[in-house]
There are 2 protein chains.
Amino acid sequence: MQKIISLHHKLESMFSHSEENYLKAIYHLGITSVNGVSTNAIAKKLSTKASSVTDMIKKLAEKKVLIYKKYQGVSLTEEGKKTAALIVRKHRLWEVFLVEKLNFNWDEVHDVAEQLEHIKSSKLINEIDALLGFPKFDPHGDPIPDTNGNLHLIEKKLLSTLQINETGICIGVKDSSASFLQFLDKQQIALGQEVEVLEKEDFDDSMTIKINNKKMTVSNKIANNLYIQK
Amino acid sequence: MQKIISLHHKLESMFSHSEENYLKAIYHLGITSVNGVSTNAIAKKLSTKASSVTDMIKKLAEKKVLIYKKYQGVSLTEEGKKTAALIVRKHRLWEVFLVEKLNFNWDEVHDVAEQLEHIKSSKLINEIDALLGFPKFDPHGDPIPDTNGNLHLIEKKLLSTLQINETGICIGVKDSSASFLQFLDKQQIALGQEVEVLEKEDFDDSMTIKINNKKMTVSNKIANNLYIQK
DNA sequence: AATATTTTTTAGACAAGACTAAAAATGTTT
DNA sequence: AAACATTTTTAGTCTTGTCTAAAAAATATT
Ligand SMILES: [Mn+2]
Ligand SMILES: [Mn+2]
Ligand SMILES: [Mn+2]
Ligand SMILES: [Mn+2]
């Protein structure tokens, strides 16, 4: 009986709200870097202090979700990666739900999803998934991990890396801050639209593109935050 | 600027998860009792200790959501009542959502709703409300407070109080534990069905009723947990 | 009215998660 | 290699929410 109870509790993830936020942050930071994730990087991402991070990663290391050697940064174990991916799955599915079913704009969903991602119920998230027709991408073009935490990355490059005359489809944003998304709305740029590079300016790295059948010039900062599929 | 920020924070309720649970418990307990709600009653409802309750109600009294005099129990202020009612509103709307949109059975919704009721976003809950067509009752027949926290109580009595030959509609459950709800499912008793009292047994207060066009005998414990509208 | 019982509050402790300040380790220049 | 700068860890403190044990107040019983 003892065994069964502890097993049951293991199924629905036994991590606190705060622990989940750390796992998710380390997961996101770990995708890009090949080495361990540094204490400072985690602190910055979570807007907390490095000393708080040290405390927490010690605790998470004891729980076997990450590997920690003093002064060496951390990396998630397989269990840690899966746990984090399932939180990301929930975050992104909730974002789709908010946009598709509840009339949220794509710049309004993140903060609410930050809360909803911590709700513990596998039936809940799987039913949301089904209600939405098992979407593969969230409103910002980010891929949604499956029930096992696996996620198939798609080939994509930043608009800023395209050459003159290259074309592609706008499939995601790198920066999904409300201000950037609102800027895109104002310019009537949306995911799914075709893009063609017409000119590139060496001086400030701005580009002239054709998108949504309109010609426009975008700064390097913009081009650096739009993902294009070739 | 300072003013605006603090005003904004006031809009989306500045209570912790734990404070919200206390407010809701006191709200539920306060509906029945005309006097203040006792420390022990709160402790029992929240499965915590009386000393913890004393600590928390002092804090909530300072926040002006309840009135507390030592040894006299507590009662919610108007602000406290509204705050609590809006949490109850969220709980019940989420329950409807889970049943109507996500294929949850009425015995599966409570624990998930206990989590979802703490999500802070007025747009979220109002959109859920709209998606559901502004329901007035949750899956257990409990009324859903409106956006101002007002709730119109409906005339209802327990099945156990009906006399022989009286009829009515089954509109709610008093005990909404999973085991009771599962029992009702097994007996094919559901809300909305017509009930007629055929016999009452003095010895054990059991009743024979006609419900869903079937004759059946129910114990007093059952009859004491089913609400009937005349 | 005195005594016993129950309820409530106080006092002191603890765990989680955060912070500051200072020490230690690592990395970078000279 | 030594000095300087940065990163990370440690030590100690704080807040929130909980607990146990003991004291105080309110109720109930004799
Ligand atoms: Mn997001
Ligand atoms: Mn997203
Ligand atoms: Mn419920
Ligand atoms: Mn209910």
Side-chain angles (χ1 to χ4, degrees), chain A residues 9 13-26 29-30 33-76 80 83-84 87 114-115 117-118 120, chain B residues 9 13-26 29-30 33-76 80 83-84 87 114-115 117-118 120:
Chain A
H9 276 38
S13 149
M14 60 266 110
F15 296 100
S16 73
H17 196 108
S18 188
E19 288 171 331
E20 289 191 346
N21 284 336
Y22 275 91
L23 283 172
K24 192 171 57 123
I26 295 164
L29 293 167
S33 79
V34 70
N35 311 331
V37 177
S38 79
T39 303
N40 257 4
I42 300 167
K44 191 175 177 188
K45 184 134 208 165
L46 293 175
S47 304
T48 186
K49 297 288 142 109
S51 53
S52 308
V53 174
T54 304
D55 285 347
M56 181 58 91
I57 60 187
K58 281 177 179 170
K59 193 163 48 133
L60 291 173
E62 268 176 30
K63 293 195 178 185
K64 313 281 189 204
V65 284
L66 53 78
I67 305 293
Y68 166 58
K69 268 187 251 150
K70 275 190 192 178
Y71 297 99
Q72 301 301 123
V74 298
S75 54
L76 295 179
T83 305
I87 300 164
E114 285 288 309
Q115 299 180 64
E117 73 191 4
H118 299 290
K120 269 138 183 130
Chain B
H9 275 37
S13 150
M14 60 264 108
F15 296 99
S16 72
H17 196 106
S18 188
E19 289 171 331
E20 290 192 345
N21 283 337
Y22 276 89
L23 283 173
K24 192 171 57 122
I26 296 164
L29 292 167
S33 80
V34 70
N35 313 330
V37 177
S38 79
T39 303
N40 257 3
I42 300 167
K44 192 176 177 187
K45 184 134 209 167
L46 293 175
S47 305
T48 184
K49 295 290 141 102
S51 54
S52 307
V53 174
T54 303
D55 285 347
M56 181 57 92
I57 61 187
K58 280 178 180 170
K59 194 164 46 135
L60 291 174
E62 269 177 30
K63 293 196 177 184
K64 310 281 189 205
V65 285
L66 54 78
I67 307 293
Y68 166 58
K69 269 186 252 149
K70 274 190 190 174
Y71 297 98
Q72 301 299 122
V74 298
S75 54
L76 295 179
T83 305
I87 300 164
E114 285 289 311
Q115 299 179 64
E117 72 189 6
H118 299 291
K120 269 140 185 131

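A note on names: the letters A, B, ... follow the listed sequences, proteins ahead of strands, and every chain is numbered from 1.
- In this structure, the CG atom of B:Leu46 is 10 Å from the P atom of D:dC19, given to the nearest Å.
- As rounded to whole Å, 10 Å separates atom P of C:dA16 from atom CD of A:Glu62.
- Residues that satisfy the side chain to side chain contact (heavy atoms under 4.5 Å, CB included) test with A:Gln115, not counting sequence neighbours, are B:Ile119, B:Lys120.
- Taking atom CD on A:Glu19 and atom P on C:dA15, their separation rounds to 16 Å, with Å as the unit.
- Residue A:Ile42 comes nearest to A:Val37 through the heavy atom pair CG1-CG1, 3.6 Å, listed as atom of the first residue, atom of the second, then distance.
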Name the pairs: protein N/O against N/O of nucleotides 7-10 of chain D, kept only if under 3.5 Å.
unit_1 : atom_1 : unit_2  : atom_2 : d
D:dT8  : OP2    : A:Asn40 : N      : 2.9
D:dT9  : OP1    : A:Tyr68 : OH     : 2.6
D:dT9  : OP1    : A:Tyr71 : N      : 3.0
D:dT9  : OP2    : A:Thr39 : OG1    : 3.0
D:dT9  : OP2    : A:Thr54 : OG1    : 2.9
D:dT9  : O5'    : A:Tyr68 : OH     : 3.4
D:dT10 : OP1    : A:Lys70 : NZ     : 2.4
D:dT10 : OP2    : A:Lys58 : NZ     : 2.4

For residues 49-58 of chain B, which side-chain donor-acceptor pairs fall under 3.5 Å, sequence neighbours excluded?
unit_1  : atom_1 : unit_2  : atom_2 : d
B:Thr54 : OG1    : B:Ala50 : O      : 3.2

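- Atom P of nucleotide D:dC19 and atom CE of B:Met56 are separated by 11 Å, given to the nearest angstrom.
- In this structure, B:Leu23 and B:Ala84 approach most closely via the heavy-atom pair O-CB, 3.6 Å.
- Distance CE (A:Met14) to C1' (C:dA16): 17 Å, rounded to an integer number of Å.
- Residue A:Ser52 is classed as a base contact, given a heavy-atom separation below 4.0 Å to a base.
- At whole-Å resolution of the value, NZ in A:Lys49 and C1' in D:dT15 are 16 Å apart.
- In this structure, the salt bridge (Lys or Arg N to Asp or Glu O under 4.0 Å) partners of A:Glu19, at least two apart in sequence or on a different chain, are A:Lys59, A:Lys63.
- C:dA16 atom P lies 14 Å from atom CZ of A:Phe15, rounded to whole Å.
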Audit row: A:Tyr22, A:Val74, side-chain contact (heavy atoms from CB on, under 4.5 Å) steps and yes/no: CA-CA 11 Å; A:Tyr22 275 91; A:Val74 298; over 6 Å; no

